[in-house]
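Shown next, in structure tokens, is the structure this report addresses.
None of the values given here were measured: they were computed from a predicted structure. Every chain is numbered from 1, with letters handed out A, B, ... down the list of sequences.
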Number of protein chains: 2
Amino acid sequence: MSSAADVTPAGRVSGIDKIERRRIALAESALKTLGELGYARTSLREIANNSEFTHGVVHYYFRDKIDLISYCVRYYKTKCAQRYDEVVETATTPDELGAGFLAKMTQTLVEETAMHRLWYDLRAQSMFEEQLRADVVAIDQLLEEMIWRILSRYAELLGAKPSVDAATAYALMDGLFEQAVVAFADDPTGAPERLVQRVGQVLPKLITT
Amino acid sequence: MSSAADVTPAGRVSGIDKIERRRIALAESALKTLGELGYARTSLREIANNSEFTHGVVHYYFRDKIDLISYCVRYYKTKCAQRYDEVVETATTPDELGAGFLAKMTQTLVEETAMHRLWYDLRAQSMFEEQLRADVVAIDQLLEEMIWRILSRYAELLGAKPSVDAATAYALMDGLFEQAVVAFADDPTGAPERLVQRVGQVLPKLITT
DNA sequence: GCAAAGTCTTGACGACTGTCAAAGAACGGG
DNA sequence: CCCGTTCTTTGACAGTCGTCAAGACTTTGC
């Protein structure tokens, strides 16, 4: 498992980078705990216990709990942004793009279940805690753009055009994905296959030839 | 404001009914607080404070916190089940059904924002707390059937058939609605209109003439 | 009208939370 | 090597949480 807190080849890190690396290391550890327990049940002490640090260190690098969570969310954002970009860039046929998209979708559903659970949790929490709202909105925007890149490229390869706007397309795909995440949490059996079947059902309806 | 704990005209209530009425009154009060604060920030004392009862009463009628929340969820379920049934039964043309559906959808978005926020919160929590899972799954099932009644009736009035299965249709509609609820929580301006526009965009694509 | 059952209030408990401050360790420049 | 800065540990704080129990009040059955 690679850590983002690796030192440079020179063995030294500049001061500002060092504290940034600590923050990243803490965020990664916190995300692991958050994904396991959810926002409500995760305490700073629990985060510290599941890491190599003590609970005092957390407060040395983050002003308070919201600051930490907020940082985690922003850090997480950078990871899921370009998850599908490779598929979009390499696919040369509609089928290839569709298959690649579905494959990546089920892969992330299975391999990063905890992160997705956490995302839907945090999005719900943002409706009650306005301090989370800005970060959540930003991630939603990012995901919407990602879906739009896929859909418009898919239409382009078919010599067609998307028949819905970006926000609608994202809401539809997200609805299917969240359903799969909830179902997967309840019983992993068959959830990925059902997701593939349903997305495959819907995707052709979102373009006009 | 009518309470579900009204006494019968005779002024007496049977023993079993009385405790059931208390539970309902407590659940309604709890739902108000839950919708305002969300699952994580709602304590039993807060529920009691926002009601006419003391915190001891809560524990007299409910074994523990999960028992109360679970009861609230089941109680809430019965209210949203037949929300759209009237529209389905009275509409005689596709446009009438579509318009009625959209009108009810935006109405409940605006008037019952808190309840919807709570629902998406609880569904997310159910992925971490398995005690909530059964109730959440039951409600999801109910909502899926509701959407299916609308869509299949809509298709019927058009002399057509739905082009997606019930689970897919529900996931799509739910994705659009959740997007609207989140957007509405952030900024109520225009969210209902955007929801109408998007659902109107999608609905025709879910049937094959 | 009295005893028994049911209902409610009050106060307490142990555990947990976020936050902070003071003491200690590690480190780097002089 | 030593001293000042940076980092870390530890322990404590005030508050809140869910839970429970002992007693007071109310209703019911006879």
Full working for side-chain hydrogen bond (donor to acceptor under 3.5 Å, both in side chains) between B/S70 and B/D67:
CA-CA 5 Å; B/S70 179; B/D67 189 29; 5.7 Å; no
Residue pairs, two or more places apart or on separate chains, that pass side-chain hydrogen bond (donor to acceptor under 3.5 Å, both in side chains) and touch residues 51-61 of chain B
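Checked against side-chain hydrogen bond (donor to acceptor under 3.5 Å, both in side chains) - neighbours excluded - no pair reaches residues 51-61 of chain B.
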Is the shortest side-chain N to carboxylate O distance from [X] to [Y] below 4.0 Å?
X: A/D85; Y: A/R149; result: yes
X: A/R123; Y: A/D140; result: yes
X: A/K104; Y: A/E111; result: no
X: A/R83; Y: A/E112; result: yes
X: A/E130; Y: A/R133; result: no

In whole angstroms, how far is the [atom2] atom of [N] from the [atom1] atom of [X]?
X: B/Y39; N: D/dC17; atom1: OH; atom2: C1'; result: 13 Å
X: B/L26; N: C/dC8; atom1: CG; atom2: C1'; result: 12 Å
X: B/L68; N: D/dG18; atom1: CG; atom2: P; result: 10 Å
X: B/I19; N: C/dA5; atom1: CD1; atom2: P; result: 17 Å

Residues A/Q179, A/R194; criterion side-chain hydrogen bond (donor to acceptor under 3.5 Å, both in side chains); working and verdict:
CA-CA 10 Å; A/Q179 182 188 64; A/R194 284 193 294 273; over 6 Å; no
Contact list (N/O, under 3.5 angstrom) for nucleotides 14-17 of chain C vs protein:
unit_1, atom_1, unit_2, atom_2, d
C/dT17, OP1, A/S43, OG, 3.0

Quick check on contacts: within residues 52-63 of chain B, what sits under 4.0 Å from DNA chain D by heavy-atom distance?
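Heavy-atom cutoff 4.0 Å gives B/H55, B/H59.
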Residues within residues 120-132 of chain B bordering DNA chain C, heavy-atom distance below 4.0 Å:
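Per residue number, the list is empty: none.
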Test salt bridge (Lys or Arg N to Asp or Glu O under 4.0 Å) applied to A/R41 - qualifying residues, sequence neighbours left out
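If we apply the salt bridge (Lys or Arg N to Asp or Glu O under 4.0 Å) test to A/R41, skipping adjacent residues, the hits are B/E129.
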Sorted by first residue and then second, give each ring pair (Phe, Tyr, Trp, His ring centres under 6.0 Å) pair with at least one member in residues 106-155 of chain B; sequence neighbours left out.
B/H116-B/F177
